[in-house]
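For reference, the structure is listed below as structure tokens.
None of the values given here were measured: they were computed from a predicted structure.
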Amino acid sequence: MAVTAVVGLQWGDEAKGKIVDILADQHEIVVRYLGGNNAGHTVMFGGETYKLSLLPSGILRPDATSVIANGVVIDPKALLNEITSIKSQGVQLGKLFISDKAHVIFPYHVAEEAILEARRGDQAIGTTMRGIGTCYRDKVGRAHAIRIGDLLRPALFREKLEDIVEAKNIILKAFDPSASLPSVQEIYDDYMGYIEQLKDSVIDTTSYLHRELKNGSSMLFEGAQGSLLDIDHGTFPYVTSSNSSGCGIQAGSGIPSRMIDRVIGVVKAYTTRVGGGPCPTELNDETGQHIRDEGNEYGTVTGRPRRCGWFDAVATAHGARVSGIDCIAVMLLDVLSKLDEVKICEAYEIHGERTTDFPSQLDDLAAAKPIYRTLPGWKTDITNVRRLEDFPKEARHYIDSVSELLESEVGFVSIGPDREQTVIL
Ligand code: IMO
Ligand code: MG
């Protein structure tokens, strides 16, 4: 397949990085098109663990080209730190291109986010505090936005920065009189230093990607976050600030969705969520803790324990529909192996009515009571299974149920963190 996309269908952390890594050697170009260093992708192979955040997973393949496209928001300091850290693990990095249209995260974005989140109190979104939402907001608002291309024009950059820092000081001090920002000069010097190190990678990635498509190059679009965190289609306002479902590919890269041959929807065999907002199948009990322990469900970016629960087919099917998937990858199935029985939420009861539509309003979602289908557990170690027919029948039944409820074929089943621990159909 020439052009493939990998998209998370839940609230992020579906182990997308593993599927991307498996597919990366079949694709010449790997593209990140949304989000920023709020993402945390863990890739394991050869006994080494690699933690990626902004860099596309293709970076671990020396012969692949990685692209950070226009839809990504870039904290250049975080990007440089990540490059240094991956290099220090002995990886020979592949080629990297960065879009000149990508927006840049500044210290005032992080400062403003901290204030806004604190003001929300117990309604806090529970963001990753990386300045992602405030940077996207400035992108849409236009007045206070700086793109990577601006950093290559020092006089223009300086002029914009002076105006923006003045405005940001007014805004921040209005919220918190004790707030203080680095000076224009400090920010200018820091960012000129960052761009000096990154400038050879900066190009118009849209033109590049179209040229490569014309040449017949294969491409892999690497999703970050998940469909239920999508700003338009997710559990607003407990979402991220970009289109993190399949909807974001076109806007975030300039490549129309009809040019994508195959979309793989990645799902965890259960549910996790970090941050606030309703999560109907969440388990605040021993089973929830068991899943958290077995799945090591602690955030890669922030270290927060993830909220865990049963697989929610209502929410995930919604993610699958808006993303337009061709098949699913069922991840971390082995995490459920010790349970006597496993449950899948197949419908919600909301105010006395059964529905399989995912509610668009937060109060309805908060009121949703999951209606479960209970399946027998398999109680067997499945981490060495390599063919679908070798799964115990109960595990097979579980996989088939997920497939049926999502109305999608299964393309991959992952039964352990290593590249090898994958059943590919
Ligand atoms: P990956 O790519 C899980 C969540 C945050 C918070 C909300 C908004 O690893 O799947 P933000 O900082 O984006 O404004 O936070 O979105 N969130 C994620 N949750 N995985 C992610 O990325 C996430 N990126 C953002 O926890 O609830
Ligand atoms: Mg994550």
Side-chain angles (χ1 to χ4, degrees), residues 34-39 53-54 70-82 101-198 225 229 231 236-242 244 274-277 299 301-304 362:
L34 82 152
N37 57 330
N38 50 350
S53 188
L54 253 171
N70 60 282
V72 177
V73 285
I74 300 178
D75 181 333
K77 186 180 181 187
L79 177 58
L80 287 164
N81 285 343
E82 198 176 323
K101 290 189 281 194
H103 283 250
V104 183
I105 298 177
F106 284 89
Y108 46 77
H109 289 127
V110 179
E112 207 176 344
E113 178 169 8
I115 289 176
L116 294 174
E117 275 285 272
R119 279 176 65 85
R120 288 181 68 97
D122 61 4
Q123 312 272 302
I125 295 167
T127 70
T128 58
M129 295 286 183
R130 298 293 191 271
I132 306 292
T134 36
C135 182
Y136 275 121
R137 194 194 54 190
D138 282 343
K139 169 181 177 175
V140 180
R142 295 154 301 169
H144 299 151
I146 290 177
R147 307 196 295 178
I148 290 285
D150 298 328
L151 301 182
L152 294 170
R153 291 158 178 76
L156 173 85
F157 170 48
R158 176 87 201 204
E159 194 183 322
K160 281 193 174 193
L161 194 64
E162 274 171 17
D163 173 57
I164 294 171
V165 171
E166 186 187 333
K168 292 293 179 186
N169 269 306
I170 296 170
I171 294 167
L172 287 176
K173 291 213 161 75
F175 280 127
D176 174 5
S178 71
S180 79
L181 280 177
S183 68
V184 172
Q185 189 65 44
E186 279 172 88
I187 302 177
Y188 178 83
D189 290 344
D190 285 347
Y191 280 69
M192 291 311 282
Y194 304 145
I195 197 64
E196 182 56 33
Q197 297 174 69
L198 293 170
Q225 287 83 54
L229 290 171
I231 184 78
F236 191 89
Y238 295 96
V239 291
T240 193
S241 297
S242 63
S244 52
V274 252
V301 177
T302 56
R304 290 178 287 179
L362 205 65

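Using a 4.5 Å cut-off on side-chain heavy atoms (C-beta onward), L151 and Y194 make no contact. Using a 4.5 Å cut-off on side-chain heavy atoms (C-beta onward), F106 and V165 make no contact. Between L362 and F236 the shortest side-chain heavy-atom distance does not fall below 4.5 Å. Considering only heavy atoms from C-beta on, D75 stays 4.5 Å or farther from I132 through its side chain. I195 has its side chain out of reach of P76: every pair of non-hydrogen atoms, C-beta onward, lies at least 4.5 Å apart.
Using the six-membered ring where Trp is involved, F157 and Y188 have ring planes that are parallel, under 30° apart on the 30 and 60° scheme.
Here the NE2-SG distance, from H109 to C135, works out to 4.5 Å after rounding to the nearest 0.5 Å. Atom CG of L54 is separated from atom CD1 of I105 by 7.5 Å, given to the nearest 0.5 angstrom. Atom NZ in K173 sits 6.5 Å away from atom OG in S180 (nearest 0.5 Å). In this structure, E166 CD and L181 CG are separated by 12.5 Å, a value rounded to the nearest 0.5 Å. Rounding to the nearest 0.5 Å gives a distance of 8.5 Å between OG of S241 and CG of N38. The CD1 atom of I74 sits 13.5 Å away from atom CD1 of I146, with the distance rounded to the nearest 0.5 Å.
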Can you give each donor-acceptor pair under 3.5 Å made by side-chain atoms of residues 114-126, sequence neighbours left out, with the distance rounded to 0.1 Å?
residue	atom	partner	partner atom	Å
E117	OE1	I125	N	3.4
E117	OE1	G126	N	2.7
E117	OE1	T127	N	3.1
E117	OE2	I125	N	2.9
R120	NE	Q123	O	2.9
R120	NH2	Q123	O	3.2

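A search for salt bridge (Lys or Arg N to Asp or Glu O under 4.0 Å) contacts involving D138 returns K168, not counting sequence neighbours. The salt bridge (Lys or Arg N to Asp or Glu O under 4.0 Å) test applied to E196 returns K199, not counting sequence neighbours. Considering only residues two or more places apart in sequence or on other chains, R158 meets the salt bridge (Lys or Arg N to Asp or Glu O under 4.0 Å) condition with E162. Contacts of R137 classified as salt bridge (Lys or Arg N to Asp or Glu O under 4.0 Å), with partners at least two apart in sequence or in another chain: E112.
Within the structure, the side-chain hydrogen bond (donor to acceptor under 3.5 Å, both in side chains) test picks out the following pairs touching residues 139-154 (sequence neighbours left out): D150-K160.
Proximity of a side-chain donor or acceptor of Y136 to a complementary backbone N or O of G35 within less than 3.5 Å is detected.
Screening L198, V72, N37 against L79 for a side chain to side chain contact (heavy atoms under 4.5 Å, CB included) leaves a single residue, L198.
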